[in-house]
2 protein chains.
Amino acid sequence: MTRNVCLRNPQPIHDTLELVGGKWKMVILATLLERGDLRFGELQRAVGDITPRILSHELKQLEENKMITRRVYDTSPITVEYGITAYGRTLETVIVALFEWGVTHRQTIMHENAAETPEAGVKASSPFD
Amino acid sequence: MTRNVCLRNPQPIHDTLELVGGKWKMVILATLLERGDLRFGELQRAVGDITPRILSHELKQLEENKMITRRVYDTSPITVEYGITAYGRTLETVIVALFEWGVTHRQTIMHENAAETPEAGVKASSPFD
DNA sequence: CAGGATCCCATAAGATACTG
DNA sequence: CAGTATCTTATGGGATCCTG
């Protein structure tokens with residue numbers, strides 16, 4: 001799996017995080033990757049707890065870095081569609097890895113809690129709400 | 001590659017980033033993954049431009065989350081060795097993905113620069129310094 | 001050597017209200 | 001609908017110096 005990759009120099013990791021680090025960018029890209037093109041409002045609801053200000057800000061940066069496209073439609077009121085680019089898609093491996101680890105981690109935590117406090121844990125939050 | 005994974009709910013990505021997000025944690029884990037156990041000073045040099053204060057801070061959080069171990073040796077002066085745990089190792093997929101994307105991205109950027117400004121680009125910075 | 005103490009700052013991120 | 005404008009806050013991150 002690791003093939004011939006040698007990560008003795010961690011600089012590339014730093015580079016990646018500079019582009020798509022932070023709390024929201026990966027989540028936004030994952031959403032566009034899974035659901036296809038979305039309008040601003042749809043995206044906001046899909047991502048969850050993000051304010052328009054922050055969403056707008058993140059989208060601009062992602063667009064600057066060619067990760068997403070922004071298309072304006074002259075309807076009334078106007079609509080705007082965001083979509084992931086081919087280049088953005090190259091992050092799929094990263095995004096899926098982050099996602100899968102998060103899922104497994106949740107299960108791990110749940111089992112720990114279940115072992116420590118048998119009554120709680122299950123009712124705390126459903127596996128995938 | 002994506003298998004049966006469905007990331008319509010991006011929450012797990014958020015979870016992962018809460019644990020190992022930020023500028024340094026992934027880099028630290030990658031370093032320990034590649035080079036094995038390291039002492040504080042070695043780690044600082046390996047990671048690069050991190051101050052002791054921040055490194056200490058990050059290490060504590062990683063230890064709290066069972067990602068790394070901390071072993072104190074009663075030499076004089078004392079030495080401390082940090083190592084990645086089995087659980088930390090489960091992040092290898094994520095770390096390698098981040099790393100590989102960073103490497104590819106660098107090459108992409110380089111080629112762009114080379115195309116736009118033929119003279120520059122190459123001399124700007126060596127591929128992997 | 002492995003950090004802690006202190007002070008400091010830039011910026012990520014959020015709340016709220018408003019507009020073409 | 002798709003954002004902007006303002007204001008505010010939290011904190012991630014850093015510089016510098018110090019110590020067991």
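A quick note: this is a predicted structure, and the numbers were derived from the prediction, not measured. Just so we're on the same page: letters track the sequence lines, and every chain starts at 1.
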Subject >> Distance, rounded to the nearest Å, where A/His57 contributes NE2 and D/dT4 contributes P >> reply: 11 Å

Original post:
When you check the phosphate oxygens OP1 and OP2 of D/dG3, does a side-chain N or O of A/Arg70 lie under 4.0 Å from one of them?
Top reply: yes

Original post:
Under the 3.5 angstrom rule, does the side chain of B/Gln44 hit a backbone N or O of B/Ile50 as a donor-acceptor pair?
Top reply: yes

Original post:
What pairs with A/Arg70 under salt bridge (charged side-chain N to carboxylate O under 4.0 Å, His left out), at least two apart in sequence or on another chain?
Top reply: none

Subject >> Positional range of nucleotides in DNA chain C within the contact set of chain B, heavy-atom, under 4.0 Å >> reply: C/dC1 to C/dT6

Original post:
Using a heavy-atom distance cut-off of less than 4.0 Å, which residues of residues 73-84 of chain B contact DNA chain D?
Top reply: none

Output one line per pair: protein atom, nucleotide atom from nucleotides 13-15 of chain D, and distance, for all N/O pairs under 3.5 Å.
residue: D/dG13; atom: OP1; partner: B/Lys23; partner atom: N; Å: 2.8
residue: D/dG13; atom: O6; partner: B/Arg53; partner atom: NH2; Å: 3.2
residue: D/dG14; atom: OP1; partner: B/Lys23; partner atom: NZ; Å: 2.8
residue: D/dG14; atom: OP2; partner: B/Trp24; partner atom: NE1; Å: 3.0
residue: D/dG14; atom: N7; partner: B/Arg53; partner atom: NE; Å: 3.4
residue: D/dG14; atom: O6; partner: B/Arg53; partner atom: NE; Å: 2.7
residue: D/dG14; atom: O6; partner: B/Arg53; partner atom: NH2; Å: 3.2

**OP:** Rounded to 10°, tell me the angle between the two end axes of the helix from C/dC1-D/dG20 to C/dG20-D/dC1, each built from five pairs.
**Re:** 60°

Subject >> Test log, rule side-chain hydrogen bond (donor to acceptor under 3.5 Å, both in side chains), inputs B/Thr104 and B/Arg106 >> reply: CA-CA 5 Å; B/Thr104 308; B/Arg106 260 196 193 200; over 6 Å; no

Subject >> Donor-acceptor contact below 3.5 Å, side chain B/Thr16 vs main chain B/Pro12 >> reply: yes

Original post:
Is a donor on one side and an acceptor on the other found under 3.5 Å between the side chain of B/Asn65 and the backbone of B/Met67?
Top reply: no

Output side-chain donor-acceptor pairs under 3.5 Å for residues 19-28 of chain B, partner residues at least two apart or in another chain, one line each.
none

**OP:** Please report, rounded to the nearest Å, how far the P atom of D/dA2 is from the CD1 atom of A/Ile28.
**Re:** 15 Å

Original post:
Can you hop from B/Tyr87 to A/Leu98 via hydrophobic side chains spaced under 4.5 Å?
Top reply: yes

